Amino acid sequence: MSELHHILTFPIRPITKEAYLPKLSAFLKSGIPATYTLEQVAAFEQGKEDDETTSGSNTTPLHILARSLPEDLSSDETVVVLEMMNTLFEYGAGWNFLDYENKSIGDLLLEKRGQDRNGILYQRVVEAGVSAELLLRKVTGGEIEFLDDDDNDDELPIIKEDPPKDDEQESYSHSEGATKIAVDNDATAADQETYLHTKLEYTDDALVTKDNRDGVMMDWETNIMKLASDTIFPDLNDTSSATVLNIGFGMGIIDSFIQEKNPKRHYICEAHPDVLAKMKKDGWYEKQNVVILEGRWQDTLNKLLDDGNVFFDGIYYDTFSEHYQDMLDLYDLIVGLIKPEGVFSFFNGLGADRPICYDVYKKIVELDVAIYSMKCEYTTIHIDKQLPDWKDVKRSYFNCNYYYHPRISFI
Ligand SMILES: C[S@@+](CC[C@H](N)C(=O)[O-])C[C@H]1O[C@@H](n2cnc3c(N)ncnc32)[C@H](O)[C@@H]1O
């Protein structure tokens with residue numbers, strides 16, 4: 001352990017400015033990187049080069065700080081720790097490295113601070129994540145990446161949402177990235193073109209890809225779909241005059257809830273031929289208030305916007321194998337298609353692989369829609385009882401036991 005690492009274990013109590021900040025600043029000013037990892041120290045001690053570290057983890061100074069936080073940290077001490085974090089971030093500390101236990105700084109702070117997501121230390125990491133993500137978005141195309149050793153050759157810290165690092169890790173991966181968006185090694189999930197040419201199969205409780213059993217939709221989300229269908233009707237007392245749009249039919253769970261409200265017009269946009277075939281078989285084409293837009297929303301909604309005849313009271317978005325950049329593109333269409341008092345919502349699996357990432361994206365969406373003078377209000381619902389045990393899938397895609405349900409409307 002280096003001297004920099006040592007002072008972050010808080011050897012002196014109480015934690016005061018005088019005891020810690022000058023020393024910390026001096027180490028960083030002297031050129032020790034704020035990202036100097038325990039693994040690099042170990043490699044150095046063994047006479048290896050930095051890039052010869054083989055552990056695949058990055059235990060950074062901020063990890064050591066988070067791991068070493070005393071349980072009886074006073075509020076004065078918390079302020080000093082916050083200043084230490086600020087200093088480390090100023091000197092380029094990353095918020096998204098994973099340590100020797102595959103934990104991010106956010107994971108460790110939540111563990112240490114009783115899962116308090118509103119605590120100032122955790123929120124400081126969220127803030128750092130939001131800044132980094134917004135700064136790097138243009139460079140990285142909106143991908144999120146958690147950094148471990150495999151990614152060290154990237155010049156800039158990117159955040160990717162917990163991609164599996166070996167080919168074995170097939171995933172039920174429909175909700176990484178933005179909504180049901182894939183950012184992993186699986187081509188079906190990561191690439192729309194591949195997905196749209198992949199055969200699908202409906203099982204009792206899911207819609208999966210036929211060959212490798214990737215989940216496109218699972219019925220554990222039924223309660224979320226119920227809440228979402230209520231949300232996109234701005235006036236629940238008069239749903240029969242509403243015109244709503246659902247993007248992504250999947251198992252049709254939300255569409256069935258929407259139908260129960262008997263709206264004036266219920267548009268459904270769906271791109272996959274197997275899903276469209278199922279919709280035909282189940283009679284969705286015959287429903288008198290249903291209009292089906294066949295094809296990708298990227299193609300069909302532009303036409304609707306150009307025609308200028310339809311404006312929606314509510315729009316819901318829940319697709320598969322798209323990226324956050326797609327959502328950014330969608331916002332442009334939403335503002336043109338939604339009525340001034342209309343509501344937009346989406347399946348929020350953004351970063352739900354990890355609480356810190358989920359919180360970073362929660363803020364990013366707020367900031368992105370604010371550009372359109374829209375506000376995103378979240379309802380937090382507890383979903384631990386609804387979550388599946390994931391035993392049939394190699395990787396769970398939703399690792400938070402709460403769900404941030406978004407309701408987006410004009411300010
Ligand atoms: C997760 S499912 C939707 C589940 C749905 N919310 C429900 O309640 O069952 C995603 C659906 O989006 C469709 N989809 C994927 N990309 C699309 C796109 N670009 N345009 C339209 N539909 C798309 C998929 O084929 C799939 O049917």
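Predicted, not measured: the structure shown is a model, and the values here were computed from it. Each ligand, and each atom within it, is numbered from 1 in the order the structure gives. Just so you know, these numbers use all the heavy atoms, side chains as well, and skip hydrogens, waters and symmetry mates.
The residues D230 and K226 are annotated as salt-bridged, a charged nitrogen and a carboxylate oxygen being separated by less than 4.0 angstrom.
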Do any side-chain atoms of residues 330-339 form donor-acceptor pairs under 3.5 angstrom with protein atoms, and if so which ones, sequence neighbours left out?
{"residue": "Y331", "atom": "OH", "partner": "Y324", "partner atom": "OH", "Å": "3.3"}
{"residue": "D332", "atom": "OD1", "partner": "Y372", "partner atom": "OH", "Å": "2.5"}
{"residue": "K339", "atom": "NZ", "partner": "D313", "partner atom": "OD1", "Å": "3.2"}
{"residue": "K339", "atom": "NZ", "partner": "D313", "partner atom": "OD2", "Å": "3.1"}

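Of the inter-residue distances, the one linking M279 atom CE with I292 atom CD1 reads 4.0 Å to the nearest 0.5 angstrom.
Considering backbone and side-chain N/O atoms, T319 never comes within less than 3.5 Å of an N/O atom of ligand 1. At least one N or O atom of Q298, backbone or side chain, sits closer than 3.5 Å to an N or O atom of ligand 1. Residue contacts with ligand 1: Q192 is placed with a nitrogen or oxygen under 3.5 Å of a nitrogen or oxygen of the ligand (distance criterion only). For G252, a nitrogen or oxygen atom sits less than 3.5 Å from a nitrogen or oxygen atom of ligand 1, counting backbone and side chain alike. In terms of polar-atom proximity, defined here as any N/O pair under 3.5 Å, W297 does make such a contact with ligand 1. Ligand 1 has no N or O atom lying under 3.5 Å from any N or O atom of V216, backbone or side chain. Taking distance alone, with nitrogen or oxygen atoms compared against 3.5 Å, M225 stays at or beyond that limit from ligand 1.
Considering only residues two or more places apart in sequence or on other chains, Y267 meets the ring pair (Phe, Tyr, Trp, His ring centres under 6.0 Å) condition with F312.
Neither the backbone nor the side chain of F347 has a heavy atom within less than 4.0 Å of ligand 1.
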